[in-house]
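In what follows, chains are A, B, ... by sequence order, proteins preceding strands, each numbered from 1.
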Protein chains: 2
Amino acid sequence: MKDQPLKNREGLTETEFLAAYDPNRYGRPSVTVDLLIFTVTDEETGSYRRLPGKALKLLLVRRADHPFLGQWALPGGFVRTGESLNEAAVRELREETNVERVYLEQLYTWGDVGRDPRTRVISASYLSLADSSCLDVRAGSDAGEAGWFTVVCRLTQERKTVTPEGHILAKTYSLSLRHGETELSAEIEAVKTVEGRVSQTQWEIVHSEGLAFDHAKLIAYAVERLRGKIKYTDIAFRLMPERFTLTELQKVYEVILDKDLLKANFRRKLAGMVIETDGMTKDGGHRPAKLYRFNAAWADSDANEEGRS
Amino acid sequence: MKDQPLKNREGLTETEFLAAYDPNRYGRPSVTVDLLIFTVTDEETGSYRRLPGKALKLLLVRRADHPFLGQWALPGGFVRTGESLNEAAVRELREETNVERVYLEQLYTWGDVGRDPRTRVISASYLSLADSSCLDVRAGSDAGEAGWFTVVCRLTQERKTVTPEGHILAKTYSLSLRHGETELSAEIEAVKTVEGRVSQTQWEIVHSEGLAFDHAKLIAYAVERLRGKIKYTDIAFRLMPERFTLTELQKVYEVILDKDLLKANFRRKLAGMVIETDGMTKDGGHRPAKLYRFNAAWADSDANEEGRS
DNA sequence: ATAATAGTGTCTTTCAGACAGTATAGT
DNA sequence: ACTATACTGTCTGAAAGACACTATTAT
């Protein structure tokens with residue numbers, strides 16, 4: 001607004017100030033992005049003229065170095081100086097899966113001290129969803145082993161304690177990840193405390209086996225979030241191929257929500273989000289189904305999304 | 001699982017590896033927390049026996065140094081080495097407002113390059129809500145001026161463009177912040193792009209006057225989030241005093257949502273969240289109202305809260 | 001015919017929205 | 001009586017949940 005440069009208390013102009021600025025005045029943590037890349041695959045039922053089931057899969061990589069050598073971790077890496085947080089997430093995603101144009105959304109940033117034994121690390125977690133037919137399932141040009149793990153995350157306990165000033169709601173999730181012979185498991189608790197006019201939610205790992213860092217927590221959090229958002233947004237379609245039957249779509253919802261839905265109601269609810277194509281399935285032993293595609297003109301009500309919050 | 005220590009490719013055990021680890025191998029950005037501290041205050045209507053109106057207020061501090069010297073910014077600061085992200089937010093909140101036990105929730109982490117001219121800065125934004133009667137309104141033991149700004153954030157334009165492969169939904173918000181003679185204004189766009197099976201939302205500042213950094217974006221995002229959450233959680237009560245009338249509560253909803261609500265419906269919807277007390281208002285020229293308090297046993301359905309998503 | 005899936009019709013309950021009405025203090 | 005607020009009753013229509021029913025293919 002003024003043409004003559006402002007000076008601060010030391011009498012420096014902004015240019016002078018910036019030239020003298022020492023970026024190391026405050027300790028600097030390392031910042032990483034961690035990716036939760038989910039997809040849904042068909043699982044053969046084997047038996048005669050039955051439709052394949054669906055499984056929710058998550059990509060994990062095996063750690064080839066300390067710390068947590070040999071354990072499984074979420075793909076991710078350090079944010080570089082010249083790239084934004086989102087760009088780092090896109091880069092890591094491409095490095096791990098060779099896909100680029102898929103759904104990617106920032107979830108939560110984890111910043112506890114001691115999360116990483118090497119140094120102070122703050123990690124922004126990103127949720128990514130992809131159609132399995134677009135993915136090289138032998139993922140990872142990156143070094144080391146990678147694998148798609150079948151995810152089962154189940155609410156196993158819900159405790160509510162009423163206190164004089166409020167209540168405590170503790171939910172325990174058991175998380176199980178399977179890939180071939182490898183089975184990882186963990187138990188995570190989400191504790192919500194309401195006390196007077198204050199409330200707070202905390203996620204804690206009760207126990208974790210085979211998973212590196214605090215990644216069990218990040219996974220449980222992401223699954224919960226996925227479950228929440230699938231109810232009121234169109235994210236499920238990010239997991240579908242171009243054309244699909246309504247039964248396939250319903251199975252995707254069911255595997256994510258970990259519960260069965262009623263067919264008639266499901267179809268009514270999703271009617272506006274899909275468009276009938278002229279294709280039909282013509283496989284085996286039963287009535288063929290119409291193929292649908294996503295109605296890209298459908299607009300959800302939620303503005304707060306970061307490709308949400 | 002094994003008692004004999006694992007060694008990596010260089011033959012180092014974990015202890016050896018950690019001792020040799022160079023934390024500066026990757027560039028380290030600075031990390032800050034930025035606080036969006038909202039409260040609701042009474043605004044005198046002046047005129048005869050009328051109830052006071054309500055205003056949504058946000059705490060801003062005036063920058064006493066470069067960059068953006070003299071402009072207004074969100075309170076916040078660097079995360080220290082020994083404290084978690086949440087702890088840093090709690091500390092900054094205390095430093096700015098002398099309150100500690102209030103609602104605090106992580107919102108989103110902003111990591112664009114060039115957000116801060118000093119150095120690479122990544123900022124986790126936190127939403128805080130407090131009852132104005134708990135706050136020292138002359139906020140800030142911290143150096144410099146601070147002020148509670150009346151927030152008006154209004155959706156001024158909504159453009160939907162249908163493309164062959166999807167659609168683009170652009171929402172323009174006009175943000176206005178007033179505190180005494182000072183008036184800050186900005187225009188922010190939230191652009192959601194749906195293209196085939198990919199979607200993405202981006203927030204951009206169209207113009208910003210008097211607000212430092214990209215804080216206009218953080219504010220618009222927080223207001224949108226607050227509007228979203230007030231509909232399905234109990235956060236509104238974090239802004240209320242111990243006892244309140246239903247009309248007061250309704251006015252808080254109205255000032256946040258920036259629209260009028262129908263009384264009968266509002267009361268029906270909130271009936272389960274409040275408990276009648278035996279108090280009554282006994283002020284002026286009209287029928288007295290019952291006083292209510294928050295029903296702390298009320299449980300919202302949303303697990304995904306930090307301190308949701 | 002039968003197995004297995006595809007797809008529809010409709011009843012009930014719940015809830016949001018709209019509106020009209022009654023009640024009660026101070027002056 | 002009048003003003004300004006407090007509070008209630010009820011109609012409507014949309015959406016969610018539950019369930020029963022019909023349709024169509026390959027073998």
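- Taking atom CD on B/Gln250 and atom C1' on D/dC7, their separation rounds to 12 Å, with Å as the unit.
- Using a 4.0 Å cut-off between charged side-chain N and carboxylate O, B/Arg243 and B/Glu276 make no salt bridge.
- Residues satisfying the ring pair (Phe, Tyr, Trp, His ring centres under 6.0 Å) test with A/Phe149, not counting sequence neighbours, are A/Trp72, A/His179.
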>> As a quick check of understanding, evaluate salt bridge (charged side-chain N to carboxylate O under 4.0 Å, His left out) for A/Glu224 and A/Arg227, giving each step before the final call.
In response: CA-CA 5 Å; A/Glu224 263 313 288; A/Arg227 285 181 181 159; 3.5 Å; yes
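- Following rounding to the nearest Å, B/Phe266 (CZ) and D/dA6 (C1') show an atom-to-atom distance of 14 Å.
- The closest donor-acceptor contact from the side chain of B/Ser125 to the backbone of B/Tyr108 lies under 3.5 Å.
- Residues satisfying the side-chain hydrogen bond (donor to acceptor under 3.5 Å, both in side chains) test with B/Thr182, not counting sequence neighbours, are none.
- The salt bridge (Lys or Arg N to Asp or Glu O under 4.0 Å) test applied to B/Asp258 returns B/Arg154, not counting sequence neighbours.
- One N or O on the side chain of A/Arg197 and one on the backbone of B/Met240 form a donor-acceptor pair closer than 3.5 Å.
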Quick one: which protein N/O atoms are closer than 3.5 Å to N/O atoms of nucleotides 7-10 of chain C? Pair and distance per line, please.
| residue | atom | partner | partner atom | Å |
| --- | --- | --- | --- | --- |
| C/dG7 | OP1 | A/Lys290 | N | 2.9 |
| C/dG7 | OP2 | A/Arg267 | NH1 | 3.4 |
| C/dG7 | N7 | A/Lys263 | NZ | 2.8 |

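- The ring pair (Phe, Tyr, Trp, His ring centres under 6.0 Å) test applied to A/Phe237 returns A/Phe244, A/Phe294, not counting sequence neighbours.
- Residue A/Thr281 is the one, among B/His286 and A/Thr281, whose nearest nucleotide of DNA chain C lies closer to the 5' end (criterion: closest heavy atom).
- Atom NZ in A/Lys269 sits roughly 13 Å away from atom P in D/dA18 (whole-Å rounding).
- Between its two ends, the helix from C/dA1-D/dT27 to C/dT27-D/dA1 turns its axis by 10°, counting five pairs per end and rounding to 10 degrees.
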